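For reference, the structure discussed in these notes is given below.
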There are 2 protein chains.
Amino acid sequence: MPIAKPVRRKRPGHYHHGDLRRALIDTALRVIEEDGLAAVTTRALARRLGVSHAAPAHHFRDREALFVEVATEGFQAFVNALESAAATAASDPNARLCAIGLAYVRFAIEHPAHVRVMFGGGLREGVRWPPALKRESERAYRVLVDTATAARASTGAPSGSVQDLAFGGWSLVHGMAMLWIDGPARQTYATPAQFEAAAARLIASMFCCSERPAAKD
Amino acid sequence: MPIAKPVRRKRPGHYHHGDLRRALIDTALRVIEEDGLAAVTTRALARRLGVSHAAPAHHFRDREALFVEVATEGFQAFVNALESAAATAASDPNARLCAIGLAYVRFAIEHPAHVRVMFGGGLREGVRWPPALKRESERAYRVLVDTATAARASTGAPSGSVQDLAFGGWSLVHGMAMLWIDGPARQTYATPAQFEAAAARLIASMFCCSERPAAKD
DNA sequence: TGTCAATCTTGACGATGACAAGACTGGAGG
DNA sequence: CCTCCAGTCTTGTCATCGTCAAGATTGACA
């Protein structure tokens, strides 16, 4: 968990908190995991941190700005996860594609709160996606498209255009991630490990036909 | 659009609205499409309908109850769409599976507001899924699993268990639907028609291996 | 016509996001 | 050591929201 960090309450009697901005973000993530997006209120965060109700406003213009920051950090970590997965995978483009897909799902398992904000409507309501956020999210998609292009070029990939291949793969892993985070997938796969294994099988069967584990029926 | 209906404002001077309950649901859907989930407030709906701010409370205990009702209606329409797609499809189980998947995506295209409430965190925050809602959503999944089972039995379906086949298919169509509703897919496919066509291709390449143009490996 | 349950209104309360104005803190420069 | 000041936080306030309680209006039925 490279992202989570200890959250420090203000030392009572001390006027300054130390790093309220950081603490607000971390606490928001914690609250999202515990009680959902709707439970994130600036006042609740302030209470948790032992700080006045208006203190958060000095670090984030409004509630939306906090979510934008969370999403931006999330996308940065997300891109890193995808890229490092691609880098450490075998040189075979199809294997890289599988690695990226699995990294996508794994990120959702490990950072559900970030994903909720990034995709789950945490933003998008008041909607202004600032440039930094937009750039990071597009970078994430480009990693996928580039690898898909390479895979398509190197092997006789599954049918369809590169566009379809990339979007289809994206949809598969995105769907798996969402169904896990929102709950439904937990009824089919009880533990994260089981779910991740299933994800690996499904990704393999979509991308890397050659590596598909022997049909076990 | 079998769901949308005209929304009637209260005739001024008349004390009763006529069918405020229905109007609240329909107006909520309209607001969601126009301004997102967060814009749905009981007071705003009341204003739109020319009714006092507390009137909605007599039809839905709280905001959550309204969303529950919207979701329940959504799942009913959803199940109907899936089942009727399966019924009208060719008798080949694989073709039926494709038809169901495409119906899933098409439902999302045609009823984005419902889907936002059903899957997009409209509920699940305050969370109590009442039995009626739970039952409908499980019915939807069962349609998919049953057809997948039949497909698996009849043909040498793709590798893996029925569980994986059903969940993989679900993930693919769910992912496509979400990426369309949340926006990202619109950058790849400009119009609903283009998107739907791509969905059909991807679904076919996942489910109906026999119909896949290029054999893999 | 009289009654009554359903429906809607008015008024109020606590909580939230946001704004304004003032108080505290710690470091830079005299 | 003292003073000043930008950054940080607090207090106080407002409009809006969801929710509750109590009362007013309506239409249907006896």
Side-chain angles (χ1 to χ4, degrees), chain A residues 7-28 31-32 34-70 117 121-128, chain B residues 7-28 31-32 34-70 117 121-128:
Chain A
V7 174
R8 192 170 39 197
R9 286 181 62 102
K10 194 193 74 167
R11 285 171 299 178
H14 260 240
Y15 204 86
H16 284 78
H17 174 277
D19 194 353
L20 183 55
R21 181 184 167 82
R22 190 65 259 150
L24 284 167
I25 295 175
D26 296 336
T27 306
V31 171
I32 292 171
E34 291 171 359
D35 301 316
L37 273 176
V40 178
T41 70
T42 61
R43 287 175 116 102
L45 297 182
R47 274 193 298 270
R48 275 215 188 198
L49 294 170
V51 140
S52 84
H53 62 91
H58 291 268
H59 297 275
F60 301 101
R61 171 194 301 264
D62 53 19
R63 200 180 110 105
E64 182 83 2
L66 204 180
F67 283 142
V68 166
E69 184 57 32
V70 170
V117 178
L123 321 171
R124 181 171 62 271
E125 311 288 7
V127 223
R128 53 184 187 290
Chain B
V7 173
R8 191 170 39 196
R9 287 181 61 101
K10 194 192 74 166
R11 286 171 297 177
H14 261 238
Y15 204 85
H16 285 79
H17 174 278
D19 194 353
L20 183 55
R21 180 185 168 82
R22 187 71 255 151
L24 284 168
I25 296 174
D26 297 336
T27 306
V31 171
I32 292 171
E34 291 172 0
D35 301 315
L37 273 176
V40 178
T41 70
T42 61
R43 287 174 116 103
L45 297 182
R47 274 193 298 271
R48 275 214 188 199
L49 294 170
V51 138
S52 84
H53 63 92
H58 291 270
H59 296 275
F60 301 99
R61 171 195 297 264
D62 52 20
R63 200 181 111 103
E64 183 82 1
L66 204 180
F67 283 142
V68 165
E69 184 56 32
V70 170
V117 178
L123 321 170
R124 181 165 63 271
E125 311 287 7
V127 223
R128 53 184 188 291

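By convention in this document, chain letters (A, B, ...) are assigned in the order of the sequence lines, proteins followed by strands, and residues within each chain are numbered from 1. Owing to the predicted nature of the structure, the values given are computational and were not obtained by experimental measurement.
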What's the closest nucleotide to the side chain of B:Thr41 if the choices are D:dG18, C:dG17, D:dC9?
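It is D:dG18.
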
State which of D:dC9, C:dC8, D:dT19 makes the closest approach to the side chain of B:Ser52.
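Comparing D:dC9, C:dC8, D:dT19 against the side chain of B:Ser52, the answer is C:dC8.
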
Look up atom [atom1] in [X] and atom [atom2] in [Y], then write down how far apart they are to the nearest 0.5 Å.
X	Y	atom1	atom2	value
A:Leu66	A:Leu24	CG	CG	6.0 Å
A:Leu45	A:Arg63	CG	CZ	9.0 Å
B:Ile25	B:Glu69	CD1	CD	4.5 Å

Quick one: closest heavy-atom pair of A:His59 and A:Arg21, and the distance?
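Of all heavy-atom pairs spanning A:His59 and A:Arg21, the closest is O-NH1, 3.4 Å.
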
Over all heavy atoms of both residues, which pair between B:Thr42 and B:Pro56 is shortest? Give the atoms and the distance, please.
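Looking at all heavy atoms of both residues, the shortest contact is O-CG, 3.8 Å.
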
Hey, does A:Ala54 reach any base, or is it just sugar-phosphate, or nothing, if we go heavy atoms under 4.0 Å?
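Answer is base: heavy atoms of A:Ala54 come under 4.0 Å of a base.
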
Considering only nitrogen or oxygen atoms on both sides, find all protein atoms under 3.5 Å from nucleotides 12-15 of chain C and state each distance.
none

[N] [atom2] sits how many Å from [X] [atom1], rounded?
X	N	atom1	atom2	answer
B:Phe60	D:dT19	CZ	P	13 Å
A:Asp62	C:dG17	CG	P	10 Å
B:Arg61	D:dT19	CZ	C1'	11 Å
A:Leu66	C:dG17	CG	C1'	13 Å
B:Leu45	D:dG18	CG	P	8 Å
A:Leu24	D:dT8	CG	P	13 Å
B:Arg21	C:dC8	CZ	C1'	16 Å
B:His58	D:dT19	NE2	P	13 Å

A:Phe67 side chain near A:Leu37 side chain, heavy-atom distance below 4.5 Å:
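They are in contact (side-chain heavy atoms under 4.5 Å apart), so the answer is yes.
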
Are any non-hydrogen side-chain atoms of B:Leu20 and B:His58 less than 4.5 angstrom apart?
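A side-chain contact is absent here, since even the closest heavy-atom pair is not under 4.5 Å.
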
